[in-house]
Amino acid sequence: MSFAGAALPIAAGALVLRRSWIVVVMAILVLAGLGAALGCTVAGRPVRWAVTMGTGGVV
């Protein structure tokens with residue numbers, strides 16, 4: 001999972017050369033998705049986990 005999470009934004013950046021900001025957006029979205037998955041795994045609140053992980057990616 002971590003390799004796919006790291007490879008997705010890098011691959012998107014390689015495909016879309018003129019819009020470099022898309023890599024940052026993709027990385028934050030992948031972090032939010034990982035947070036939602038973690039929230040489901042630990043029987044927590046997936047939305048809260050997603051928002052927290054996404055916010056952590058911005059900071």
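Bear in mind that the values here come from a model prediction, so they are computed numbers and not experimental data.
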Exercise for review: Mind running side chain to side chain contact (heavy atoms under 4.5 Å, CB included) on Leu34 and Trp49 for me, showing each step along the way?
Suggested key: CA-CA 9 Å; Leu34 179 63; Trp49 274 84; over 6 Å; no
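In this structure, Thr52 OG1 and Leu31 CG are separated by 11.5 Å, a value rounded to the nearest 0.5 Å. Residue Leu38 holds its CG atom at 6.0 Å from CE of Met53, rounded to the nearest 0.5 Å.
Shown here for Gly44 and Pro46, the closest heavy-atom pair between the two residues is O-CD, 3.2 Å. Contact detail for Ala32 and Ala50: the closest heavy-atom pair is O-CB, 3.4 Å.
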